[in-house]
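Before I ask anything, here is the structure I am working with.
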Amino acid sequence: MIISASRRTDIPAFYAEWFMNRIRAAYCTVVNPYNRKQVSYVSLQPEDLDVIVFWTKNPEPLLKHLKELDDRGYRYYFQYTLNGYPRTIEPNLPGIEKEIQTFKRLAGLIGPDKVIWRYDPIIISNTTGMDYHKKQIHHIARELEGSTKRLVVSSVDEYRKARANFDRLENQALFVKRQVTEPDVQELIKYIVALARNRKMEAFSCAEILNLSPFGLVPGKCIDDCYIKKVFGINVISEKDKSQRLECGCVTSKDIGAYDSCLHGCQYCYAGTLAAARRNKSNHFPDSPSILGKYEVQNPVNKKDDETEQGTIF
């Protein structure tokens with residue numbers, strides 16, 4: 001089983017203590033975001049897991065625990081989003097130079113193969129146009145050369161939860177181009193592909209609706225069976241994750257996060273709002289089996305992973 005930690009929230013940044021408590025307990029519970037009466041029991045025993053995929057914009061709080069994960073026999077890699085957008089778009093991140101240094105530190109601890117750089121999403125606006133992105137990605141790529149071997153990019157998608165944020169940005173005179181076409185990004189994508197090649201990185205797209213292959217950017221998988229085979233030398237189930245959208249090529253995984261719990265407050269976020277995350281923060285308990293609330297499952301002994309039942313709130 002592959003654990004996704006997490007598409008729904010930034011566990012390394014905000015819930016590292018909870019995550020390590022669950023690692024030590026060797027299980028966690030996950031509440032169905034569409035039916036809170038359904039609670040899954042998820043084994044976190046090392047022998048039950050193929051690999052853990054961390055998704056983060058600030059892994060610094062988790063770095064001190066990596067040796068323990070290694071000593072316990074876990075395999076893992078990081079999807080590290082590093083965009084460096086202005087604070088009008090990414091208001092609560094440490095800042096580009098600090099993020100770059102954390103990236104380098106992480107790569108130094110676990111190796112460049114296990115840290116994937118995401119420049120994602122590419123937002124085209126009146127303040128973040130082509131020249132902005134070329135300058136930004138050139139600076140980051142130069143700094144990260146030798147610290148990663150894979151770059152993942154995608155264009156912005158107007159998710160329902162991001163739409164209101166984009167509307168508010170327009171009141172601040174920042175106008176996002178919400179319907180991006182291939183001609184809009186052709187020049188930039190060609191630039192990114194060439195830059196990545198020069199910095200000894202492979203470049204891939206992520207769940208991209210646009211066909212960017214003619215410009216040299218091939219579709220990739222964030223949870224990638226071939227990548228896992230190459231890096232860890234193990235075979236995992238190669239079945240597409242049916243819970244993800246059609247354009248996503250990721251293989252099946254189990255996400256242990258929760259929506260509306262990330263406190264970064266990025267304006268393009270699809271996984272929740274900052275206001276909801278702040279409210280939900282008071283419902284987080286580091287010693288709970290679930291990331292939000294206190295959800296346990298009845299008779300977890302001998303339960304199959306991901307089996308759902310009525311949850312018990314303790």
Side-chain angles (χ1 to χ4, degrees), residues 2-7 9-26 28 44-47 49-84 90 92-120 137 139-152 196 199-204 220-224 226-234 236 253 256-257 262-264 286 291:
I2 299 172
I3 293 294
S4 170
S6 155
R7 286 184 175 94
T9 191
D10 194 329
I11 287 177
F14 302 115
Y15 304 103
E17 183 182 357
W18 172 83
F19 176 79
M20 291 308 301
N21 285 341
R22 300 328 307 157
I23 287 292
R24 293 162 192 146
C28 69
L44 297 178
Q45 294 280 3
E47 59 268 26
L49 305 187
D50 295 308
V51 66
I52 301 169
V53 182
F54 292 110
W55 312 72
T56 187
K57 293 177 180 173
N58 180 20
E60 198 278 333
L62 190 62
L63 298 190
K64 63 184 178 182
H65 299 296
L66 296 183
K67 185 178 184 303
E68 181 177 349
L69 288 178
D70 294 338
D71 291 345
R72 289 177 177 270
Y74 291 95
R75 292 178 289 260
Y76 55 89
Y77 66 94
F78 283 78
Q79 297 276 352
Y80 192 143
T81 299
L82 207 170
N83 300 318
E90 294 180 337
N92 298 318
L93 294 179
I96 183 64
E97 299 308 323
K98 176 67 181 301
E99 293 165 49
I100 288 172
Q101 292 308 311
T102 301
F103 194 111
K104 290 180 176 180
R105 183 181 168 200
L106 174 59
L109 290 171
I110 66 174
D113 282 318
K114 299 177 184 177
V115 190
I116 295 171
W117 171 29
R118 301 180 67 89
Y119 191 82
D120 169 39
I137 203 165
H139 170 64
I140 299 172
R142 182 184 61 201
E143 291 293 321
L144 296 187
E145 183 174 0
S147 293
T148 186
K149 297 182 180 180
R150 180 173 288 207
L151 166 62
V152 175
R199 296 296 177 181
K200 301 178 179 61
M201 304 174 193
E202 294 181 286
F204 297 91
K221 306 175 187 179
C222 299
I223 300 183
D224 186 339
C226 296
Y227 170 85
I228 291 170
K229 172 68 173 178
K230 178 180 178 181
V231 174
F232 300 101
I234 61 172
V236 297
S253 65
I256 62 171
C262 181
L263 295 161
H264 289 312
I291 197 168

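Any value given below was found using the heavy atoms of this structure, including those in side chains, with hydrogens, waters and symmetry copies removed. Note that the structure is a prediction, hence the values are computed from the model and not measured.
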Check: Under a 4.5 Å cut-off applied to non-hydrogen side-chain atoms, are V53 and C222 in contact?
Finding: no

Margin query: Please list all pairs meeting salt bridge (Lys or Arg N to Asp or Glu O under 4.0 Å) that have one or both residues in residues 52-65, counting only residues at least two apart or in different chains.
Written below: E60-R105

Check: Do the non-hydrogen side-chain atoms of H264 and T81 ever get within less than 4.5 Å of each other?
Finding: no

Notebook entry, point to check: Got I256 and I291 here, is their nearest side-chain heavy-atom distance under 4.5 Å?
Noted result: no

Item checked: Flag side-chain contact, heavy atom, 4.5 Å: I228 against Y77 -> yes

Item checked: salt bridge (charged side-chain N to carboxylate O under 4.0 Å, His left out) partners of E145, counting only residues at least two apart -> R199, K200

Next item on the list: Assess the pair F19 and F54: is the distance between their ring centroids shorter than 6.0 Å?
Entry: yes

Next item on the list: Not counting sequence neighbours, list each pair that qualifies as a salt bridge (Lys or Arg N to Asp or Glu O under 4.0 Å) and has a residue in residues 9-25.
Entry: R24-E68

Checklist line | Sub-4.5 Å side-chain heavy-atom contact between R150 and F204 | finding: yes

Checklist line | All ring-ring contact (aromatic ring centres under 6.0 Å, His included) counterparts of Y80, not counting sequence neighbours | finding: F103

Margin query: If you apply the rule side chain to side chain contact (heavy atoms under 4.5 Å, CB included), what do you find for L69 with M20, and how did you get there?
Written below: CA-CA 9 Å; L69 288 178; M20 291 308 301; 4.0 Å; yes

Next item on the list: Go through V115 and S147 one step at a time and tell me if the side chain to side chain contact (heavy atoms under 4.5 Å, CB included) criterion holds.
Entry: CA-CA 8 Å; V115 190; S147 293; over 6 Å; no

Next item on the list: For the pair E99 (side chain) and L93 (backbone), establish whether a donor and an acceptor sit closer than 3.5 Å, ignoring hydrogens and angles.
Entry: no

Item checked: Flag side-chain contact, heavy atom, 4.5 Å: D120 against V152 -> no

Item checked: Check: L62 and T56 side chains under 4.5 Å, non-hydrogen atoms -> no

Next item on the list: Would you please name every residue forming a side-chain hydrogen bond (donor to acceptor under 3.5 Å, both in side chains) with K114, sequence neighbours left out?
Entry: none

Next item on the list: Taking side-chain contact (heavy atoms from CB on, under 4.5 Å) as the test, write out the residues that go with P112, two or more places apart.
Entry: K149

Next item on the list: State, yes or no, whether a side-chain contact exists between Y76 and D70 at a heavy-atom distance under 4.5 Å.
Entry: yes

